[in-house]
Each structure stands twice: as C-alpha cells, then as structure tokens.
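So you know, we letter chains A, B, ... as the sequences are listed, proteins then strands, and number each from 1.
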There are 2 protein chains.
Amino acid sequence: MPESKPPRTLKHATLERLMHYYHYIGEQIAQQSMGTVSSSEIAKLLDTDDTVVRKDMAAIGVRGYPRVGFKADEVLAAIRDVLGFDNAYRAIIIGAGRLGSALASYPGFSRYGLRIDALLDSDPSRAGAIEGGVEVRPLDELESIIEAHNVGLAILTVPAEAAQPLADRMVNAGLRAIWNFAPTSLVVPSGVLVRHEHISVGLAELAYHLNRRDTKEASE
Amino acid sequence: MPESKPPRTLKHATLERLMHYYHYIGEQIAQQSMGTVSSSEIAKLLDTDDTVVRKDMAAIGVRGYPRVGFKADEVLAAIRDVLGFDNAYRAIIIGAGRLGSALASYPGFSRYGLRIDALLDSDPSRAGAIEGGVEVRPLDELESIIEAHNVGLAILTVPAEAAQPLADRMVNAGLRAIWNFAPTSLVVPSGVLVRHEHISVGLAELAYHLNRRDTKEASE
DNA sequence: AGTAAATCGTGAATGAAATCCCGGTTGCTT
DNA sequence: AAGCAACCGGGATTTCATTCACGATTTACT
C-alpha cells in the first residue's frame, strides 16, 4: 500500500496553525487521556473550519481514521518531526529587560526543542543572576558563547538603536537565525534568517476592527 | 477631480503591513526631515515588493506623485485615520507578571492611540506599585475599573488557567475586545473580539526553516 | 447482518494575495 | 524645449488559502 506523499514545502498558513494543534492536543492528552481527536473538534476550539484541519494533517502526512478521528500521538509525532523539535536548537537571548526575562522563563520553548543557553545583557553588573533558570552573562561574551555552544538562534530583545550593531556582531560570529523583538528592521546577509516580531501589528488589527464596529453601530 | 475611492474593507495582510509603514515612516521623518518616500524605498526596508506597497497605499486612499513618491505626512495621516489612532482607546492589562509589566512600559501603545489605564494583578500586595507609569490595582476592582474608565480593550497576560474565568468576568462588565497573550484559547460571545497572540507560532516558522536549510545543505 | 451515523479525503469553486507588465505622469538635465 | 529617468496606477496573471460538496470508510446499533 503506497503511503500518502506529503508535499515538499509547507505553506505559511499551515505552519502557523500546526503550533496551535500541537499545543491544544498536547494539553488535552495530558488532562483526559484521549487517544484520538476529530478534525471538527480541533476546528471548533481554534475557531476555524474542519476542512482546514484535515488538509493540514494531510500536508504533514498524517492519516485519520473514519468515524474515529486522528490519533493524538501520531499527530504530535508528525508535528515534532516536520518542525524539527527533536534536533534541539541552542539559542541565546540578548537583552535581559522585562521582555527578555519573560521569554527566558517561558516554559514553552523547551517543549519545542529550543534550549536557551544564556541571557546576555549590556549591564555587566547583572552578570551571574539567574532569570527563569538561565544565567545572565555580560554582553562582551557574545561571540565566545555563540561559538562555544554552537548557538544557531538569537532572540533579540533590546532597544531599537542597539539591534543592528548586535545583529552584525552575531552574524559575524556564525549565527544562522535571529528572532527580532526590537521595534526596528534588520539588514543581514542573505544566508541569515530573520523573523521580525512586531507587537503592534496585533494592535493594528484590533484598532481597526474596534473602530469599524463603532462606526457601523453608529450608522445603523 | 474625483478622489479615488478606497475599498470599504481592508484586507488582513494589508493591515499587518500598515503598522510597519507607520513605524518606519515615522522614524525616518524624525531623523532626516524627509517629506517624501518612494514605494521601492519602503519595500526594500520591509523586505517586500514595491507593488505591494503601492497597492496598500491605494487601499487606504493615498495617492503618490510620479517621480517623487508618497508624501510622508499624508501617509501617516491616512494610517492614523484608517486605524483610528485618534479616537483613543482605553485599555487595561490583566496580570502584572513580567510580560504584563513589559507591555505596560512599552512606549509604542500611546503613540497608537492606546491608553493603558491600569494594570491589575491577583496579588493584592502589589497594589499601588507603579509599572511603566501605570498603577497596579487589585484584581477585584476589575469590574469597577472597566465601567468607570469605559475600558474597551483588555490585554490578558495571565497563566492559562486564569484566562477563561477572567474573560467571562470582563465580558460581563461590558468589555468589547480582548488581546490574549495567555497560551490558551478563549470562548466569548460573538459580539466580543478576541485576538490571540501565540508567541510560539513564530518559533514554528523559525524551526521549520532552520531545519529545512540544514537538510538542504546536507543533500547538496 | 444490515443500516445509520459520524468521520475522513479530495477535487472543484471561490476568494485573497502576490507578482508581472506596461502605459502615463512628472521632475531633472542639457 | 526636448528627452530621459524615476516613479506611480491599475489591469492581467498566477499562486496561495479557504470553503463547498460529495463519495468512501468505518464503527455502532438494531
């Protein structure tokens, strides 16, 4: 019997949803030991359509069982596999401000195969402190830490002005990806992957819809 | 001369980009007093295509000038207008943990017409403290604060278990929108707008691409 | 056993977004 | 004054995403 062949490249929208599935199914499985979950069940909880869920499952090569649903462990395994949760990435956080500390203590990362090795801060007096189980190190150890721990990803939570120079240093030290929480864009060589997390894009959407609702009410 | 008629509804993707434009143009205008900006200039910085930028401008009713570009102040005004930055929204933050405090002191919000009126926390002993210019209040004042300040939006930065009960209380008190940073989904009546900010979807994308790059290198 | 109900799988249709293409306008240069 | 180059505008095309519709499969029930 020929196995279904998952497509080579996952689409952006699918990727975004996979993490939601992973989270939700993981939670459910912990609570009630539920071995199976239906597409419509997932869909209702994530406020989407059941067809979408089935298509996503197909995309990561998971098959469902009619009248039963999908086996939770199969789904989780497939997501772990396709997202590479098992080849643990080493990461560091730059900037031990409130956001950096909050991220350092976020328990989700370790579940997703991301290991935070250090939290760097420009204020040397903070070195040695522990934030969320991670040691704070002075910023001038940046290069040596990247090389010593074979760090692939840096999480940037510094003020906007500091971001670009730091990015340059890290790229030089051999870093391959940057998760940028600083409110500014970064210029990097083409081999390096940057994901820019801009908190206020969410705000834009909220503001727009809140506003539209108001004017609609007013004109009706 | 007939003005161009912007479409009634802005598309999701456009909304996401508008905030980037706003940010970028605002910054540039402050630094070098630059009265005009071309679509390709914006596109390069935000790593997208110039056609996209022009289409977005058309969508919010801004016209450009051939050989010159777009007038920065016109663009900013149009974005402020369409996103309603000028009818200031009152908001509260629930959960004065690290993330809640970080958001309270984020200077961006006030620029975008969002005013944080209070920071509520379940630990009453924290009441009275000031975080990022916002006063911490005990959680049992939730309803009275919402009503007294006519709060339309709540920013939820609490542990997953606490989120749903709080959402229920807030909806009862007349809240109209929730910006949910808790790692769980919320069920609310249909009149209420929820935006779920899930930090790890960004991680999913990074993990996937990092992984794909590795295997690609290995097989070539 | 046989029928009914739930659930998956997928192809077709619709809708959204990105990209391509090219004509039109304006400022700059000479 | 004329030509050029930079930029916009908007139609056409293509890719991506969602929704719809329906047949196929399996379990539960009578």
Side-chain angles (χ1 to χ4, degrees), chain A residues 1-21 25 28 34-72 74-75 78 201 204-205 208-209, chain B residues 1-21 25 28 34-72 74-75 78 201 204-205 208-209:
Chain A
M1 60 209 151
E3 271 299 297
S4 64
K5 44 192 153 78
R8 243 183 24 284
T9 83
L10 256 43
K11 300 305 174 352
H12 184 88
T14 299
L15 276 177
E16 292 235 322
R17 282 184 303 255
L18 284 182
M19 193 60 99
H20 289 282
Y21 301 159
I25 297 177
Q28 295 298 307
M34 158 210 62
T36 170
V37 59
S38 79
S39 60
S40 50
E41 205 175 332
I42 301 179
K44 198 183 311 167
L45 219 103
L46 304 191
D47 195 38
T48 173
D49 191 87
D50 49 335
T51 314
V52 172
V53 176
R54 288 202 294 275
K55 291 235 151 109
D56 287 343
M57 294 302 171
I60 60 173
V62 174
R63 292 196 64 86
Y65 303 89
R67 188 63 210 253
V68 167
F70 296 87
K71 294 198 178 159
E74 287 182 15
V75 176
V201 308
E205 208 160 336
Y208 179 65
H209 287 303
Chain B
M1 61 215 151
E3 271 299 296
S4 65
K5 44 190 153 75
R8 242 182 26 283
T9 84
L10 255 45
K11 299 306 177 344
H12 184 88
T14 298
L15 276 177
E16 292 236 322
R17 283 184 303 256
L18 283 182
M19 194 60 101
H20 289 282
Y21 302 159
I25 297 177
Q28 295 299 307
M34 158 210 63
T36 171
V37 58
S38 79
S39 60
S40 50
E41 204 176 332
I42 300 179
K44 198 183 312 167
L45 219 102
L46 305 191
D47 195 38
T48 174
D49 192 88
D50 49 334
T51 316
V52 172
V53 176
R54 287 203 294 277
K55 294 244 148 103
D56 287 343
M57 294 301 170
I60 59 173
V62 175
R63 293 195 66 87
Y65 303 88
R67 189 61 211 252
V68 167
F70 296 86
K71 293 197 179 161
E74 286 182 14
V75 175
V201 308
E205 209 158 336
Y208 179 65
H209 284 116

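For the pair A:D56 and A:Y65, nearest-nucleotide mapping onto DNA chain D gives the more 5' position to A:D56. Residue whose closest nucleotide on DNA chain D sits further toward the 5' end, between A:P66 and A:V52: A:V52.
Atom NZ in A:K11 sits about 15 Å away from atom C1' in C:dA16, given to the nearest Å. The separation between A:R67 atom CZ and C:dC8 atom P is 11 Å, rounded to whole Å. At whole-Å resolution of the value, CE in A:M57 and P in C:dG9 are 10 Å apart. Spacing between atom CG of A:D50 and atom P of D:dT18 amounts to 14 Å, rounded to whole angstrom units. Taking atom CD of residue A:E16 and atom P of nucleotide C:dA17, one finds them 14 Å apart after rounding to whole Å. Atom CZ in B:R17 sits about 8 Å away from atom P in C:dA17, given to the nearest Å. As a whole-Å value, the separation of A:H12 NE2 from D:dC16 P is 13 Å. Distance, A:R63 CZ to D:dT25 C1': 10 Å, rounded to whole Å.
One finds the CD1 atom of A:I25 at 9.0 Å from the CZ atom of A:F70 (value rounded to the nearest 0.5 Å). Note that CG of B:L46 is 11.0 Å distant from CD of B:E41, once rounded to the nearest 0.5 Å.
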Can you tabulate the close N/O pairs, meaning under 3.5 Å, that link protein atoms to atoms of nucleotides 11-14 of chain D?
residue: D:dG11; atom: O6; partner: B:K55; partner atom: NZ; Å: 2.7

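Annotation: ring pair (Phe, Tyr, Trp, His ring centres under 6.0 Å) contacts of A:H20 (sequence neighbours excluded): B:H196, B:H198. Among residues two or more places apart in sequence or in another chain, the salt bridge (charged side-chain N to carboxylate O under 4.0 Å, His left out) test is passed with B:E205 by A:R195. With sequence neighbours left out, the side-chain hydrogen bond (donor to acceptor under 3.5 Å, both in side chains) criterion links A:S40 to A:S38.
What you find for A:V62 and A:E74 is that their closest heavy atoms are CG2-O, 4.2 Å. In terms of heavy atoms, B:L15 sits closest to A:Y208 at CD1-CD2, 3.4 Å.
Contact check, A:R54 against D:dC20: no side-chain N or O comes under 4.0 Å of OP1 or OP2.
In the region residues 36-45 of chain B, proximity to DNA chain C at under 4.0 angstrom, judged on heavy atoms, holds for none of the residues.
Counting only residues at least two apart or on different chains, the salt bridge (charged side-chain N to carboxylate O under 4.0 Å, His left out) pairs with a member in residues 45-54 of chain A are A:D50-A:R54.
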